[in-house]
Amino acid sequence: MANHVSERSTRFTESVIREMTRLCQRHGGVNLAQGFPDFPAPAPLKEAAIRAIEADINQYAITWGAKPFRDALVAKTARFTGQAYDPETEVTVCCGSTECMVATLLALVNPGEEVIVFEPFYENYGPDAILCGATPRFVRLREPDWSFDPAELAAAFGNRTKAIVINTPNNPTGKVFTREELLQIAALCAKWNVVAVTDEIYEHILYDGAQHVTLAGLEGMRERTVTISGVSKTYGVTGWRIGYCLGPTDITGAIRKVHDFLTVGAPAPLQEAAAVALSLPDSYYMELAEGYARRRDMLVPALEAAGFKTFAPRGAYYVMTDISSFGFESDVTFARHLVEEGGVAAVPGSSFYADPASGRQRLRFHFARRRETLEKAAERLSRLKARVPAGRTEGN
Ligand SMILES: Cc1ncc(COP(=O)(O)O)c(C=O)c1O
């Protein structure tokens with residue numbers, strides 16, 4: 001039988017995260033795997049979306065983004081980061097930050113060039129690199145605070161480095177990169193003439209006084225940074241598929257071309273509604289972070305009580321855990337056990353590492369869930385240890 005599929009499509013697997021969601025549905029589990037909220041989106045957004053459809057904003061938007069959305073975006077960006085962007089030449093609106101990342105890497109990287117990625121990493125970055133023919137170079141974030149070794153980072157840069165991907169606040173670790181760390185990255189980008197691509201999708205979800213620093217705001221970085229974010233996480237509308245790239249004109253021109261031929265444009269009526277979201281008052285963002293802090297403070301103690309060791313997140317809405325006390329050799333086996341027997345879905349840690357062995361004793365949970373859902377999860381988790389025979393190892 002002829003092999004019909006491309007070599008590049010065989011070099012990555014289906015998303016483990018989304019597979020866990022399907023498994024969870026099959027077992028009626030509480031889904032703490034794929035990170036999306038189960039609570040309602042803000043009413044003003046929904047009303048604006050309905051108004052937009054009723055006003056017949058139902059045809060293609062301008063490829064690089066509807067004008068009201070781009071205008072609202074540059075205003076919101078200036079308000080929060082002090083960075084000025086030209087909505088006509090420096091903004092591209094895509095179908096989620098997922099498309100932003102792949103369009104940006106396709107626009108920047110030639111086959112054979114290298115892209116630096118911190119690991120553990122959000123699983124999309126691996127396939128994104130493969131799709132554009134890049135060779136990923138991984139730099140380890142080390143527990144318990146997920147800091148990196150400056151020497152290891154410096155050694156990852158070289159003549160073939162084209163870009164570095166930085167996700168802050170970080171999925172899956174909850175790390176928030178400090179200004180000092182970002183200054184080190186900025187210095188290396190300048191030294192090696194490398195473009196920084198930042199995924200700042202969790203920019204407003206911060207805990208315990210952690211501050212989000214946008215890399216583009218550091219000296220010399222405005223012209224060599226593509227800042228990616230979107231409305232999915234900040235406004236709880238992951239299904240709307242609206243993300244955006246902010247970057248200098250030359251890079252934006254290339255991103256726009258790639259985006260045009262990938263998807264033409266993001267959903268037109270939802271861009272109108274998302275423009276309303278970008279104008280929400282400061283109190284919205286404060287309540288967003290406080291709400292997630294409360295959810296974190298429900299899930300983390302429940303996990304600890306159930307026997308997980310946790311690495312407390314400083315941002316985003318995930319918690320990485322150490323599962324070694326359960327006696328399973330494999331995170332994947334344990335994740336299956338947890339959903340099938342315990343009724344809670346989480347993501348095997350190995351899916352965040354280039355070498356799966358590094359994540360064998362790790363499991364990631366998210367807490368973008370209503371209080372009742374987290375209580376249900378906590379109750380199920382509390383029964384977990386009793387279900388796992390003491391000293392169990394795989395094959396027993
Ligand atoms: C770090 C990170 N980037 C991007 C995304 C996807 O964002 P979007 O819905 O805008 O495509 C996620 C979703 O979980 C994420 O965790």
Side-chain angles (χ1 to χ4, degrees), residues 14-21 24 31-38 41 45 65 69 73 91-106 115 117-129 131 136 141 146 164-177 196-206 212 214-215 226-246 255 259 262-263 265-267 270-271 273-274 277-278 292 313-320 345-347 349 351-353 364-369:
E14 257 193 74
S15 160
V16 178
I17 297 179
R18 292 179 276 283
E19 189 206 330
M20 285 310 298
T21 292
C24 183
N31 189 352
L32 303 185
Q34 192 179 2
F36 59 87
D38 69 346
L45 268 79
F69 182 75
L73 176 61
V91 175
T92 314
V93 182
C94 295
C95 295
S97 58
T98 300
E99 190 206 339
C100 292
M101 183 59 73
V102 77
T104 300
L105 293 180
L106 284 167
V115 175
V117 176
F118 290 98
E119 77 170 350
F121 53 86
Y122 173 55
E123 65 165 358
N124 282 28
Y125 303 154
D128 286 351
L131 286 173
L141 298 174
W146 306 104
I164 177 168
V165 175
I166 301 118
N167 170 217
T168 183
N170 186 263
N171 171 11
T173 64
K175 175 187 174 66
V176 177
F177 281 71
V197 184
T198 65
D199 178 341
E200 304 186 12
I201 189 106
Y202 299 103
E203 63 197 305
H204 294 290
I205 302 177
L206 298 157
H212 174 65
T214 189
L215 184 59
V226 178
T227 304
I228 293 175
S229 190
V231 302
S232 284
K233 313 289 175 169
T234 303
Y235 308 105
V237 286
T238 58
W240 283 21
R241 311 311 303 131
I242 296 176
Y244 44 83
C245 315
L246 302 167
I255 295 172
H259 157 67
L262 284 176
T263 60
L270 301 180
Q271 290 191 57
L278 296 173
Y292 278 113
R314 306 203 67 224
Y317 51 52
Y318 305 91
V319 53
M320 194 68 136
V347 181
S351 60
F352 304 105
Y353 288 90
R364 188 206 73 178
F365 293 81
H366 85 87
F367 46 87
R369 286 288 175 261

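Just so you know, ligand 1 is whichever comes first in the structure, and atom 1 is the first atom listed for that ligand. Here the structure is a predicted model, which is why all the values come from computation and not from measurement.
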With atoms numbered from 1 as shown, which atoms in ligand 1 lie under 4.0 angstrom from a non-hydrogen atom of Arg241?
-> 8 (P), 9 (O), 11 (O)
So, for Ile205 and Tyr317, which heavy atoms are closest and what is the spacing to 0.1 Å?
-> CD1-CD2, 3.8 Å
Tyr318 near ligand 1, heavy-atom distance under 4.0 Å?
-> yes
Of all the atoms in ligand 1, which lie at a distance below 4.0 Å from a heavy atom belonging to Asn167?
-> 1 (C)
Under 4.0 Å to a heavy atom of Ile201 - the qualifying atoms of ligand 1, by number = 1 (C), 2 (C), 3 (N), 7 (O), 10 (O)
Could you check atom 8 (P) of ligand 1 against the protein and tell me its nearest heavy-atom contact, residue, atom and distance included?
-> Ser97 OG, 3.3 Å
Would you mind listing which atoms of ligand 1 come within a distance below 4.0 Å of any non-hydrogen atom of Ser232?
-> 8 (P), 9 (O), 10 (O)
Looking at side-chain heavy atoms only, is the closest gap between Thr227 and Leu215 below 4.5 Å?
-> no
What is the closest protein heavy atom to atom 14 (O) of ligand 1, and at what distance does it sit?
-> Lys233 NZ, 2.8 Å
For ligand 1, which atoms, with element, lie under 4.0 Å from some heavy atom of Gly96?
-> 10 (O), 11 (O)
Structural part of Met101 in contact with ligand 1, heavy atom criterion under 4.0 angstrom | neither
Considering only the protein, which heavy-atom contact is closest to atom 11 (O) of ligand 1, and what is its distance?
-> Thr98 OG1, 2.5 Å
Do you know the tightest heavy-atom contact between Cys94 and Ala266?
-> O-CB, 3.4 Å
Any N/O pair Tyr202/ligand 1 closer than 3.5 Å = yes
Asn171 heavy atoms within 4.0 Å reach ligand 1 at atoms 1 (C), 15 (C), 16 (O)
Tell me which protein heavy atom sits closest to atom 2 (C) of ligand 1, plus the residue, atom name and distance to 0.1 Å.
-> Asp199 OD2, 3.4 Å
Answer yes or no: is there a side-chain heavy-atom contact under 4.5 Å between Tyr125 and Asp199?
-> yes
Does Gly230 have a non-hydrogen atom less than 4.0 Å from ligand 1?
-> no
Could you establish whether Gln34 and ligand 1 come within less than 4.0 Å of each other, counting only heavy atoms on the residue side?
-> no
Between Tyr318 and Tyr202, does a ring pair (Phe, Tyr, Trp, His ring centres under 6.0 Å) hold up when you go through it step by step?
-> CA-CA 11 Å; Tyr318 305 91; Tyr202 299 103; 5.6 Å; yes
side-chain contact (heavy atoms from CB on, under 4.5 Å) test vs Asp128 passes for just one of Thr98, Leu105, Val197, namely Leu105
Can you list the residues that meet the side chain to side chain contact (heavy atoms under 4.5 Å, CB included) rule with Ala273, with sequence neighbours excluded?
-> Ala48, Ala49, Trp240
What are the two closest heavy atoms between Arg364 and Pro172, and how far apart are they?
-> CD-CB, 3.5 Å
Are Met320 and Lys175 close enough that some pair of their side-chain heavy atoms sits under 4.5 Å apart?
-> no
Of all heavy-atom pairs linking Phe69 and Gln271, the shortest is CD1-O, 3.5 Å
